[in-house]
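Values below: every heavy atom of this structure, side chains too, minus hydrogens, waters and symmetry copies.
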Amino acid sequence: QSGTVESIGLFSTCLKTVDNQTIYVPNSAISSSVIDNYSQSKTRRIEWILSISYGDDVEVARREILAMLEADERVLKENTPVVYVKTLNSSSVDLTIRAWSKNSDYWSLLFDMNEKMYKELPAKGINFPFLPVLESVVFICIVLGPRVPVYVVILMVLLVLYGTVSYLMYRRILNLN
């Protein structure tokens with residue numbers, strides 16, 4: 001459970017969650033648990049894992065992401081934001097992005113940057129892969145072979161086509177040939 005401690009009693013501790021629920025946690029559970037206290041420090045590191053497509057220029061992605069972070073006043077300047085290549089997956093290159101903010105700005109910065117990266121990176125030639133679904137369809141068909149009912153294969157192919165068409169329409173709306 002997580003929340004702000006409202007009161008500590010003899011047998012339980014009362015927490016108020018971010019959605020305004022009141023939770024009573026037995027003190028025995030608290031005393032034998034690890035507690036992550038996010039409000040103790042005034043600053044907090046935000047980490048994103050962003051998957052980009054193979055063939056996309058990592059340096060362009062790094063430059064654009066760092067520019068977005070540096071332009072936002074909620075990103076603390078004393079700890080320079082970083083972008084690393086984390087993992088080379090089967091259908092994506094995963095980037096780790098790290099920046100520091102005030103604790104009070106953590107969630108707004110996290111969500112705003114998610115949206116900003118989603119909207120702005122495709123215009124710079126950085127794409128988000130969506131092919132793992134197709135790989136899953138092929139894998140299921142290979143592994144299960146003739147045991148897969150035809151309607152299941154058709155449904156999976158339709159879902160992949162729907163995702164592809166949606167992605168292409170998104171790129172066309174943003175004029176990203």
Side-chain angles (χ1 to χ4, degrees), residues 1-9 11-133 163 166-167 170-171 173-174 176:
Q1 300 294 335
S2 65
T4 302
V5 175
E6 292 286 309
S7 64
I8 300 173
F11 297 108
S12 66
T13 297
C14 177
L15 301 176
K16 186 70 77 171
T17 66
V18 293
D19 57 348
N20 209 27
Q21 289 183 336
T22 301
I23 298 175
Y24 294 93
V25 181
N27 288 340
S28 60
I30 293 172
S31 67
S32 62
S33 299
V34 174
I35 297 176
D36 292 327
N37 188 340
Y38 295 112
S39 61
Q40 183 71 32
S41 299
K42 293 183 185 201
T43 61
R44 190 167 170 194
R45 188 182 75 184
I46 304 173
E47 181 173 292
W48 295 266
I49 304 297
L50 181 72
S51 297
I52 64 173
S53 297
Y54 274 99
D56 289 352
D57 191 331
V58 172
E59 284 306 314
V60 170
R62 180 180 286 123
R63 183 179 63 242
E64 294 300 324
I65 292 166
L66 289 174
M68 288 179 208
L69 291 168
E70 289 165 5
D72 196 304
E73 74 244 6
R74 296 171 295 182
V75 175
L76 299 177
K77 307 305 180 214
E78 50 270 13
N79 296 334
T80 306
V82 294
V83 178
Y84 297 112
V85 173
K86 178 184 185 215
T87 309
L88 302 175
N89 286 318
S90 63
S91 58
S92 68
V93 176
D94 288 353
L95 305 178
T96 295
I97 305 158
R98 293 181 179 152
W100 286 82
S101 72
K102 291 179 184 174
N103 211 350
S104 58
D105 292 332
Y106 179 88
W107 291 109
S108 63
L109 179 60
L110 176 77
F111 295 140
D112 290 349
M113 279 298 150
N114 281 345
E115 186 171 340
K116 192 172 183 89
M117 286 187 272
Y118 178 75
K119 286 181 177 178
E120 294 182 17
L121 288 177
K124 305 295 183 180
I126 306 302
N127 301 292
F128 307 113
F130 60 94
L131 292 178
V133 175
S166 299
Y167 176 74
Y170 164 74
R171 289 185 58 81
I173 289 168
L174 294 178
L176 304 172

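Residues passing the salt bridge (charged side-chain N to carboxylate O under 4.0 Å, His left out) test with Lys116 are Glu120, sequence neighbours excluded. Remark: Asp112 pairs with Arg74 by the salt bridge (charged side-chain N to carboxylate O under 4.0 Å, His left out) rule, at least two apart or across chains. Scored by the side-chain hydrogen bond (donor to acceptor under 3.5 Å, both in side chains) test, Lys16 finds Thr22 as partners (sequence neighbours excluded). Residues that satisfy the ring-ring contact (aromatic ring centres under 6.0 Å, His included) test with Trp48, not counting sequence neighbours, are absent from this structure. Remark: Glu73 engages no residue in a salt bridge (charged side-chain N to carboxylate O under 4.0 Å, His left out) (not counting sequence neighbours). Thr17 is linked by a side-chain hydrogen bond (donor to acceptor under 3.5 Å, both in side chains) to Asp19, counting only residues two or more places apart in sequence or in another chain. Asn20 is linked by a side-chain hydrogen bond (donor to acceptor under 3.5 Å, both in side chains) to nothing, counting only residues two or more places apart in sequence or in another chain. Phe111 meets the ring-ring contact (aromatic ring centres under 6.0 Å, His included) test with Trp107; sequence neighbours excluded. Not counting sequence neighbours, the partners of Arg98 by the salt bridge (charged side-chain N to carboxylate O under 4.0 Å, His left out) test are Glu47.
Remark: Leu95 CG to Met117 CE distance equals 9.5 Å, nearest 0.5 Å. Once rounded to the nearest 0.5 Å, the distance linking CH2 of Trp100 with CZ of Arg45 reads 6.5 Å. A distance of 10.5 Å separates OG in Ser101 from CE in Met113, rounded to the nearest 0.5 Å. Atom CD1 of Ile126 and atom CG of Leu50 lie 9.0 Å apart (nearest 0.5 Å). Residue Ile46 holds its CD1 atom at 4.0 Å from CG of Leu109, rounded to the nearest 0.5 Å. Distance check, rounded to the nearest 0.5 Å: CD1 of Ile52 to CG of Asn127 gives 9.0 Å.
Counting non-hydrogen atoms of other residues, nucleotides and ligands closer than 6.0 Å to NZ of Lys42 gives a total of 12 or fewer.
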request  = Report the C-alpha separation of Leu121 and Glu64 in whole Å, then their side-chain angles, then the decisive distance to 0.1 Å, and conclude whether the side-chain contact (heavy atoms from CB on, under 4.5 Å) test is met.
outcome  = CA-CA 7 Å; Leu121 288 177; Glu64 294 300 324; 3.8 Å; yes
Which pairs would a plain distance check flag for residues 23-30, meaning a side-chain donor or acceptor within less than 3.5 Å of a matching protein atom at least two apart in sequence or in another chain?
unit_1: Asn27; atom_1: OD1; unit_2: Thr13; atom_2: N; d: 3.3
unit_1: Asn27; atom_1: OD1; unit_2: Thr13; atom_2: OG1; d: 2.6
unit_1: Asn27; atom_1: ND2; unit_2: Gly9; atom_2: O; d: 2.8
unit_1: Asn27; atom_1: ND2; unit_2: Leu10; atom_2: O; d: 3.2

Under 3.5 Å, which donor-acceptor pairs link side chains of residues 78-87 to any protein atom two or more places apart or in another chain?
none

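For residues 50-59, the pairs satisfying salt bridge (charged side-chain N to carboxylate O under 4.0 Å, His left out) are Glu59-Arg62, with sequence neighbours left out.
For Ser92 (side chain) and Asn89 (main-chain N/O), no donor-acceptor pair under 3.5 Å exists by modelled atom type.
Counting all heavy atoms, side chain and backbone alike, Ser53 lies closest to Phe128 at OG-C, 3.9 Å.
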